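The residues of the chain are indexed from 1 along the displayed sequence. None of the values given here were measured: they were computed from a predicted structure.
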Amino acid sequence: QVQLVESGGGLVQAGGSLRLSCAASGRTFSSYAMGWFRQAPGKEREFVAAISWLGDRTDYVDSVKGRFTISRDNAKNTVHLQMNRLKPEDTAVYFCAAGVRVVIGLFGREYDYWGQGTQVTVSS
């Protein structure tokens, strides 16, 4: 069983930055694909970013490329999402996810464990 706890969400003005963190339990964190997803009110959950087991591969949804960076620290069992130049349309609940069946996952169905989410609100 893997437990994921997100932190770092909050209220920020457009153009600002936030850094989300996700702390994972488990002794095999380095074998988990990790991802970030988000869900805005009235919308479906959306893939945001993913990182492979070793951190050598990353992928992003087009709307955040060049603004968001995903990274991981396998020694500390954490994954981060650095979000710069935030826009009001980035407002959502952000979820951390861990996948044990894939090297890197772009779809929610590829992930096995989910955190409770952290709210990010970007004001215009």
Item to check | Pi-cation contact, F29 with R72 (under 6.0 Å, within 45°) | outcome: yes

Checklist entry - Can R45 be said to sit on top of W114's aromatic six-ring, NZ or CZ under 6.0 Å from centre and within 45° of the ring axis? => result yes

Report yes if the side chains of [X] and [Y] come closer than 4.5 Å at any heavy-atom pair, otherwise no.
{"X": "Y113", "Y": "Q1", "value": "yes"}
{"X": "R101", "Y": "D112", "value": "yes"}
{"X": "S71", "Y": "V79", "value": "no"}
{"X": "R38", "Y": "V64", "value": "yes"}
{"X": "I51", "Y": "I104", "value": "no"}

Checklist entry - So, the side chain of T91 versus the backbone of V122: is there a donor-acceptor pair under 3.5 Å, distance only? => result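 Side chain of T91 to backbone of V122, a donor-acceptor pair under 3.5 Å: yes, one is there.
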
Checklist entry - Does any N or O in the side chain of S52 come within less than 3.5 Å of the main-chain N or O of R57, such that one atom is a donor and the other an acceptor? => result yes

Checklist entry - If Ile, Leu, Val, Met, Phe, Trp and Tyr residues are connected whenever their side-chain heavy atoms lie under 4.5 Å apart, and connections chain through other members, are V120 and F47 in the same group? => result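 Same hydrophobic cluster.
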
Item to check | Among H80, K76, E6, the one residue meeting side-chain hydrogen bond (donor to acceptor under 3.5 Å, both in side chains) with S21 | outcome: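 Going through the options one by one, the only one that passes is H80.
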
Next on the checklist: Distance alone, cut at 3.5 Å: any donor-acceptor contact between the side chains of D73 and T78?
Outcome noted: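 T78 and D73 do not have a side-chain donor-acceptor pair below 3.5 Å.
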
Checklist entry - In terms of ring plane angle, is the pair Y111 and F37 parallel, tilted or perpendicular, where the classes change at 30° and 60°? => result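 Geometry flag for F37 against Y111: perpendicular rings.
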
Checklist entry - Salt bridge or not for D90 and K87, using N-O below 4.0 Å? => result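 Answer for the salt bridge query: no.
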
Checklist entry - What closest approach, in Å, do C96 and M34 show between heavy atoms, and which atom pair accounts for it? => result SG-CE, 3.5 Å

Item to check | V93 to G117 - nearest heavy-atom pair and separation | outcome: CG1-CA, 3.8 Å

